[in-house]
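Scope of the values below: all heavy atoms of this structure, side chains included, with no hydrogens, waters or symmetry mates. Here is the naming used below: chain letters follow the sequence lines, and residue numbers restart at 1 for every chain.
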Amino acid sequence: MNNKNKELAQIFYKIADALEFKGEQVFRVLAYRKAARVIEELTDDIEELNRSGKLRTIPGIGEGIAKKIDEYLKTGRMKKYEEAMRGIPEELLELLNIQNLGPKTLALAHKELGVKNLADLKRVIENGSLAKLFRMGEKKVENIKKGIALYEQAQRRIPIDIATKIADMVVSYLKNAPGLKNISPSGSLRRMKETIGDIDILVAAKNGAKIVEYFTKMPGVIQVLAAGDTKGSVIVKTEDETFQVDIRIVDEDSYGSALQYFTGSKDHNVALRTLAKEKGLKLSEYGVYKGEKKVAGRSEEEVYQILGLKWIPPELRENRGEIEAAQKDTLPNLIDYNDIKGDFQIHTVNSDGSATIEEMVKAAIERGYEYIAITDHSKSANYANGLTVDRLLAEWDEIDRLQKRYKSIKILKATEVDILTSGKLDFPDKILAQADIVVAAVHQGFKHHVTERLCYAIENPHVDIIAHPSGRLINKREGYEVDLEKVLEHARKYQKILEINAYPNRLDLNDIWAKRAKEMGIKLAINTDAHNVADLAWMRFGIGIARRGWLEKADVINTKNWAELRKYLKL
DNA sequence: GCCGTTTTCGGCCCGACTGTTTTCAGTCG
């Protein structure tokens with residue numbers, strides 16, 4: 001399932017790029033791009049929506065696009081797509097991902113110089129012909145060249161843990177900048193998105209130019225991309241990797257509206273500005289204006305308030321219904337970053353972790369947890385030094401001994417049991433029956449009947465949690481061939497818990513599926529999958545995903561205190 | 001191409017920076 005969703009999203013993105021390249025009017029291009037995005041974020045099967053005639057109920061899909069979807073699903077082709085792509089060489093549109101090279105310049109280079117791919121582009125840069133075109137010049141070409149260098153080395157988004165680390169470093173450097181009044185990360189990092197494009201930092205200060213100058217002198221800066229009075233942009237190098245960091249400087253009395261603006265998302269902002277316009281107001285990063293008069297801007301709260309909205313937590317700002325909810329005062333009371341009382345997926349030296357059970361227990365106590373589950377891998381996980389039944393029972397004995405010494409925390413005897421390719425679990429039921437909690441997961445046979453295997457595991461009465469249900473690895477692996485809708489439906493039926501794996505390269509379930517699960521009444525658990533003491537800190541990223549999925553405290557099992565959890569798990 | 005308690009047509013968010021220009025176009029977010 002969902003293959004058609006993905007295909008159609010890709011097709012509409014490409015139509016948008018192609019039309020933009022051909023100089024089609026902007027709003028039509030934007031309409032295709034919006035349709036692509038909503039389809040991409042759909043958890044429903046688009047074929048099903050088409051069959052039941054519900055396509056048109058999706059905002060962004062109107063008569064025209066619905067027809068094109070139907071045409072594609074029925075015939076496997078879409079005339080509009082073929083027409084849009086006509087005359088455009090295969091690799092050309094890909095070049096739009098190069099910074100400083102937009103559709104206009106690319107079209108010009110294609111038309112005048114016959115540029116068809118990256119090699120052609122490099123050639124016309126080197127032989128000077130690109131610089132001679134109308135409205136082009138040495139500096140523009142130089143910027144495109146820099147764009148190509150970035151494009152070639154950094155074709156990836158930044159994982160959230162690394163982005164967080166860099167942002168913390170930049171913020172602590174800038175705090176000493178002359179005249180700085182306030183500072184905050186903004187952009188997708190503040191929204192806790194699973195990956196980050198650029199790192200955006202907002203500063204409140206009077207003397208923008210001085211702040212920018214100070215910023216460009218930060219240790220690690222290897223290239224200055226822009227340096228104006230209110231805005232600066234640099235490339236920072238740490239170890240082997242490079243990252244783009246942007247700062248914006250505004251007056252203190254615009255800090256709220258600027259923070260709102262630079263936090264985004266773009267779609268959220270567009271919707272917000274449209275709302276402002278309807279109310280006869282104008283919203284920009286400098287404030288909310290009624291005519292010439294500024295009526296809000298110092299804090300985000302007052303910006304939202306004057307638009308008739310409750311303040312919206314950054315994690316919700318994706319234009320997925322949060323503005324309507326804020327209008328009706330029905331925003332969720334999101335799970336808080338301090339609500340977590342325990343962790344249900346922890347590995348130790350006994351399998352592939354690097355800390356002992358005792359070290360993990362101590363670290364969990366330090367975090368104020370009331371319980372943790374030790375979930376070392378099962379025997380078939382050879383690569384991870386998986387436990388045999390004997391070693392598992394020995395581990396549980398060790399837990400019994402430790403439990404006597406550490407009374408302030410409950411150490412749950414558990415396992416992360418493999419769901420084998422055959423569909424069976426890696427430990428016999430009579431062993432699983434003795435565990436306090438059983439976490440089941442697929443680690444092999446990613447293309448082999450994964451949906452059925454997960455459903456079979458869900459039916460096992462001893463299984464409590466399904467770990468990383470989609471199996472994707474961010475920037476690395478697509479995920480299992482799995483029908484998540486069926487898996488969720490099964491989890492709902494058997495009242496099993498699904499995991500939000502907080503490990504930064506997993507974040508699985510993701511925000512969209514977590515939201516879907518909540519809407520279906522499924523409970524979730526946020527687990528770190530920690531393999532050492534430091535990994536326990538990943539919890540905040542899992543909570544970020546949960547918040548992006550509109551989850552409240554009651555939706556997440558490990559917000560329960562030990563007494564409540566014990567009752568819930570019938571221990 | 002989408003959308004509608006002011007519209008089924010005529011709107012569609014707003015501004016900074018850069019580079020190439022003699023007032024603006026392109027790109028980005």
Side-chain angles (χ1 to χ4, degrees), chain A residues 12 15-16 19-21 23-38 55-69 80 84 95-109 130-144 146-147 150 186-189 191 196-202 208-209 212 224-233 244-250 254 257-258 260-289 307 319 323:
Chain A
F12 287 126
I15 291 178
L19 294 182
E20 190 172 36
F21 173 80
E24 176 64 271
Q25 51 164 309
V26 179
F27 294 112
R28 183 162 294 171
V29 171
L30 291 177
Y32 277 110
R33 213 159 267 154
K34 183 176 183 189
R37 192 186 75 103
V38 299
L55 276 182
R56 294 284 306 273
T57 63
I58 302 166
I61 297 185
E63 195 186 344
I65 288 186
K67 265 191 190 155
K68 293 178 178 75
I69 292 171
K80 178 74 187 182
L95 302 183
L96 289 173
N97 293 320
I98 295 169
Q99 261 197 47
N100 305 317
L101 178 65
K104 297 283 194 267
T105 310
L106 186 61
L108 190 68
L130 185 62
K132 290 202 182 75
L133 295 182
F134 183 61
R135 277 192 175 277
M136 294 299 290
E138 291 300 330
K139 286 193 178 172
K140 275 199 161 182
V141 170
E142 195 51 39
N143 283 333
I144 293 171
K146 286 177 186 170
L150 276 180
S186 56
S188 49
L189 181 57
R191 300 202 311 280
I196 313 301
D198 297 326
I199 295 159
D200 297 313
I201 311 283
L202 179 69
V212 172
V224 178
L225 299 172
D229 289 348
T230 65
K231 186 175 170 178
S233 185
Q244 181 168 338
V245 184
D246 298 340
I247 61 162
R248 287 294 297 248
I249 300 97
V250 296
S254 294
S257 45
Q260 192 289 310
Y261 174 79
F262 290 112
T263 297
S265 67
K266 191 172 174 164
D267 290 316
H268 176 87
N269 286 357
V270 168
L272 216 56
R273 281 171 189 227
T274 308
L275 184 66
K277 209 167 175 178
E278 283 168 15
K279 291 182 181 294
L281 301 168
K282 194 185 71 161
L283 172 63
S284 78
E285 57 261 56
Y286 298 108
V288 184
Y289 293 85
L307 298 175
N319 198 22
I323 293 176

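Residue A:Ser233 places none of its side-chain N or O atoms closer than 4.0 Å to OP1 or OP2 of B:dC17. Of the side-chain N and O atoms in A:Tyr286, none sit less than 4.0 angstrom from OP1 or OP2 of B:dC14.
Taking A:Val26 as the reference, A:Leu30 meet the side-chain contact (heavy atoms from CB on, under 4.5 Å) condition, with sequence neighbours excluded. For the ring-ring contact (aromatic ring centres under 6.0 Å, His included) test, no residue two or more places apart in sequence or in another chain qualifies with A:Tyr289. By the salt bridge (Lys or Arg N to Asp or Glu O under 4.0 Å) test, A:Glu63 pairs with A:Lys67, sequence neighbours left out. For A:Gln99, the side-chain hydrogen bond (donor to acceptor under 3.5 Å, both in side chains) partners two or more places apart in sequence, or in a different chain, are A:Gln244. Every residue two or more places apart in sequence or in another chain that forms a salt bridge (Lys or Arg N to Asp or Glu O under 4.0 Å) with A:Asp267 is listed here: A:Arg37. Take A:Tyr261 and apply the side-chain contact (heavy atoms from CB on, under 4.5 Å) test, not counting sequence neighbours, and it matches A:Asn269, A:Arg273, A:Glu285. Remark: A:Arg191 pairs with A:Glu318 by the salt bridge (Lys or Arg N to Asp or Glu O under 4.0 Å) rule, at least two apart or across chains.
B:dC9 sits 24 Å from B:dC14 when the C1' atoms are compared, rounded to a whole Å. When the P atom is used for both B:dT5 and B:dG1, the distance is 23 Å, rounded to whole Å. For the P atom pair drawn from B:dA16 and B:dG11, the interatomic distance equals 25 Å after rounding to whole Å. For the C1' atom pair drawn from B:dT22 and B:dG15, the interatomic distance equals 23 Å after rounding to whole Å. For the C1' atom pair drawn from B:dG29 and B:dC13, the interatomic distance equals 12 Å after rounding to whole Å. When the C1' atom is compared between B:dT20 and B:dG26, the two are found 10 Å apart, to the nearest whole Å. Spacing between B:dC12 and B:dT27 at atom P, rounded to whole Å, works out to 22 Å.
Atom CG of A:Asn319 and atom C1' of B:dC2 are 14 Å apart (whole Å). One can place CE of A:Met136 at 12 Å from P of B:dG19, the figure rounded to the nearest angstrom. Atom P of nucleotide B:dC14 and atom CZ of A:Arg248 are separated by 16 Å, given to the nearest angstrom. Rounded to whole angstrom, the span from the CG atom of A:Asn97 across to the P atom of B:dT27 amounts to 14 Å. A:Lys146 has its NZ atom 17 Å from the P atom of B:dT27, to the nearest Å. If you measure from atom CD of A:Glu285 to atom C1' of B:dG29, you get 10 Å, rounded to the nearest angstrom. The nearest whole Å value for the distance from the CG atom in A:Asn100 to the P atom in B:dT20 is 12 Å. Distance, A:Tyr289 OH to B:dG15 C1': 12 Å, rounded to whole Å.
Searching all strands for a Watson-Crick or G-U wobble partner of B:dG1 with both distances below 3.5 Å returns B:dC12.
At a threshold of 4.0 angstrom between heavy atoms, the contacts of A:Ala227 are confined to the sugar-phosphate backbone, with no base atom among them. Within the nucleic acid shown, A:Leu106 has no heavy atom closer than 4.0 Å to any nucleic acid atom. No contact: A:Lys67 has no heavy atom under 4.0 Å from any strand.
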**Request:** Going 5' to 3' through nucleotides 4-13 of chain B, assign each nucleotide B (protein heavy atom under 4.0 Å from a base atom), S (under 4.0 Å only from sugar-phosphate atoms) or - (no protein heavy atom that close).
**Result:** --------BB
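DNA chain B is contacted by both A:Ser284 and A:Gly60; A:Gly60 maps to the nucleotide lying nearer its 5′ end (nearest heavy atom per residue).
Each of A:Gln25, A:Arg28, A:Arg33 was checked for a side-chain contact (heavy atoms from CB on, under 4.5 Å) with A:Glu20, and the lone residue meeting it is A:Arg33.
The distance from atom OG of A:Ser254 to atom CD1 of A:Ile249, rounded to the nearest 0.5 Å, is 13.0 Å. The CG atom of A:Leu95 sits 10.5 Å away from the CD1 atom of A:Ile144 when rounded to the nearest 0.5 Å.
Contact between A:Gly60 and A:Ala35 at its shortest, heavy atoms only, is O-CB, 3.9 Å.
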Contact list (N/O, under 3.5 angstrom) for nucleotides 23-26 of chain B vs protein:
residue, atom, partner, partner atom, Å
B:dG26, O3', A:Thr105, OG1, 3.3

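Considering only the side chain of A:Asn143, B:dG19 comes nearest among B:dA16, B:dG19, B:dC28.
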